[in-house]
Amino acid sequence: MVRPAACLFDLDGLLLDTEPLHAEAWQQAASHFGRPLEAEELLALRGRRRHDCADQVLQWISAGGNGKAPSREALLAVRQPIAEALLIHAAPMPGAPELVQHCEALGIPMALATSSSQAAVELKAFPHPWLTAIRVRVHGDDPQLKRGKPAPDVFVLAAERLGVDPRHCWAFEDSPAGVRAARAAGCHVHVLPPQHLSGEELHDLYPEIERFLSSLEDIVRELQ
């Protein structure tokens, strides 16, 4: 197998099993304002920056007709303490520590390309010292990041900081928004989708993706 020039990793739902925790926090916050979220709505929030998610949830609350929607600040004031209490308990995704350590041993450059803010990444990563091997990071609140996923900016910026062409990089993603971003950047994308999706849902949410990973362990075995 031809090795990539670099590996660009998403964080939530890809390296750390945070997505059910994020979903629970958004669900509790939206329900607090009278608008419980559907499963497909929670899926649509995956991979996006916090403020983009908040604005989307506020649109759903407004469309629900249950009164005036709160401000973004009021919504996040409910959501953030819930999320922070949950996220410190996030476990690694199967094969994630092994893949990062394997890339480090092979000398493959790595970068984090995440929608999470720097503070949120530090909170989630603190219990996982294996993540310190990924030293180049682009966060959702990076001052040089103009647009969040599904725009390609985060992957383009991550590749630029590594000094490589994004077209020669492997990007690892789990969310439809993240996959669209990585593909738009020109990366070769490895997709680890949520396990509960049916074949039809995979086809609808990830068009033009022919192969899906069942675990990051698949890549550890292939990347020699």
For Ala182 against Val189, the heavy-atom pair lying closest together: CB-CG2, 3.6 Å
- prompt: In terms of heavy-atom contacts, does NE2 of His188 have more than 12 from other residues, nucleotides or ligands at under 6.0 Å?
  reply: yes
- request: Identify the heavy atoms of Pro92 and Leu16 that sit nearest to each other, and give their distance.
  value: CA-CD2, 4.0 Å
- request: For a side chain to side chain donor-acceptor pair (under 3.5 Å) with Arg79, tell me which candidate from His22, Glu84, His32, Gln27 qualifies.
  value: His22
- request: For a salt bridge (charged side-chain N to carboxylate O under 4.0 Å, His left out) with Asp55, tell me which candidate from Arg48, Arg72, Arg50 qualifies.
  value: Arg72
message: Can a donor-acceptor pair be found, under 3.5 Å and without considering hydrogens, that links the side chain of Asp17 to the backbone of Gly13?
response: no
- line: Separation between CG (Leu58) and OG (Ser71), nearest 0.5 Å, reads 7.5 Å
- prompt: To the nearest 0.5 Å, how far apart are OG1 in Thr114 and CD in Gln118?
  reply: 11.5 Å
query: If you group Ile, Leu, Val, Met, Phe, Trp and Tyr by side-chain heavy-atom gaps below 4.5 Å, do Val156 and Val154 land in one group?
result: no
message: Any non-hydrogen side-chain atom of Pro4 less than 4.5 Å from a side-chain atom of Cys169?
response: no
query: Does a side-chain heavy-atom distance below 4.5 Å link Pro97 with Gln101?
result: yes
message: Check this for me: does any side-chain nitrogen of one of Glu208 and Arg183 sit under 4.0 Å from a carboxylate oxygen of the other?
response: yes
task: Would you indicate whether the side-chain heavy atoms of Leu14 and Leu216 approach each other to under 4.5 Å?
output: yes
message: Let me confirm one number: the CD-CG distance from Gln144 to Leu157, rounded to the nearest 0.5 Å.
response: 5.5 Å
- request: State whether Arg211 and Glu222 are salt-bridged, where the test is any N-O pair (Lys NZ or Arg NE/NH1/NH2 against Asp/Glu carboxylate O) under 4.0 Å.
  value: yes
task: Using only heavy-atom distances, determine whether the side chains of His139 and Arg49 contain a donor-acceptor pair under 3.5 Å.
output: no
field: Gap between atom CG of Leu99 and atom CE of Met110 - 0.5 Å precision
entry: 8.5 Å
message: Main chain of Glu38, side chain of Glu41: is a donor-acceptor contact present, judged purely on distance under 3.5 Å?
response: yes
- prompt: So Trp26 and Ile82, side-chain contact (heavy atoms from CB on, under 4.5 Å) or not? Walk me through it.
  reply: CA-CA 9 Å; Trp26 284 118; Ile82 298 170; over 6 Å; no
query: With the threshold set at 4.0 Å, does a side-chain nitrogen-carboxylate oxygen contact exist between Asp12 and Lys124?
result: yes
message: Starting from Val179, can I reach Ile219 by hopping between I/L/V/M/F/W/Y residues whose side chains sit under 4.5 Å apart?
response: no
query: At what distance, to the nearest 0.5 angstrom, does OG of Ser215 lie from CD of Gln195?
result: 8.5 Å
Under 3.5 Å donor-acceptor, Glu201 side chain and Ser198 backbone: yes
- line: Heavy-atom closest pair (Ala23 atom, Leu42 atom, distance to 0.1 Å) is O-CD2, 3.7 Å
task: Would you confirm whether Ser31, through its side chain, and Gly34, through its main-chain N or O, come within 3.5 Å as a donor-acceptor pair?
output: no
query: With a 4.5 Å heavy-atom cut-off, do Leu131 and Leu15 have their side chains touching?
result: yes
message: With heavy-atom distances below 4.5 Å as the criterion, would you say the side chains of Pro166 and Phe155 are in contact?
response: no
message: Testing the basics here: between Gly95 and Glu217, what is the closest heavy-atom pair and its distance to 0.1 Å?
response: CA-CG, 3.5 Å
query: Given the rule in the side-chain contact (heavy atoms from CB on, under 4.5 Å) test, do Trp170 and Cys187 qualify, once you have shown the distances and angles that lead to the verdict?
result: CA-CA 6 Å; Trp170 287 3; Cys187 302; over 6 Å; no
- prompt: Checking Glu98 side chain against Val220 main chain: does a donor-acceptor pair fall under 3.5 Å?
  reply: no
hydrophobic_cluster_shared for Leu21 and Leu76, side chain cutoff 4.5 Å: yes
Smallest separation among heavy atoms of Ala29 and Leu75, with atom names: CB-CD1, 3.9 Å
field: Criterion side chain to side chain donor-acceptor pair (under 3.5 Å) against Glu173, the qualifying member of Arg180, His190, Lys149
entry: Lys149
In one Ile/Leu/Val/Met/Phe/Trp/Tyr side-chain cluster, 4.5 Å: Ile209, Leu8: no
query: Which is it for Phe212 and Ser214 under the side-chain contact (heavy atoms from CB on, under 4.5 Å) test, yes or no, and what are the steps along the way?
result: CA-CA 6 Å; Phe212 296 94; Ser214 59; over 6 Å; no
- prompt: Would you say Leu37 and Arg35 make side-chain contact, with heavy atoms under 4.5 Å?
  reply: yes
query: Where is the tightest heavy-atom contact between Trp60 and Ala44, given as atom of each residue plus distance?
result: CH2-CB, 4.5 Å
- prompt: Under 3.5 Å, is there a donor-acceptor pair between the side chain of His102 and the main chain of Leu223?
  reply: yes
message: Heavy-atom count check: over 12 atoms from other residues, nucleotides or ligands less than 6.0 Å from Glu40 CD?
response: yes
task: Answer yes or no: are there more than 12 heavy-atom neighbours, outside Arg167 itself, under 6.0 Å from its atom CZ?
output: no
query: Does a side-chain N-to-carboxylate-O contact under 4.0 Å join Arg147 and Asp153?
result: yes
- request: Just do the side-chain contact (heavy atoms from CB on, under 4.5 Å) check on Thr18 and Leu86 with the steps written out, would you?
  value: CA-CA 9 Å; Thr18 57; Leu86 292 171; over 6 Å; no
- prompt: Can you find a heavy atom in the side chain of Pro109 that is under 4.5 Å from one in the side chain of Val136?
  reply: no
query: Looking at CZ of Phe33 and CD1 of Ile61, how far apart are the two atoms once the value is rounded to the nearest 0.5 Å?
result: 6.5 Å
field: Salt bridge present between Asp142 and Arg161 (N-O < 4.0 angstrom)
entry: yes
- prompt: So if you build clusters from Ile, Leu, Val, Met, Phe, Trp, Tyr with side-chain heavy-atom gaps below 4.5 Å, do Ile134 and Leu192 land together?
  reply: yes
query: Do Phe172 and Leu11 touch side chain to side chain, with heavy atoms closer than 4.5 Å?
result: no
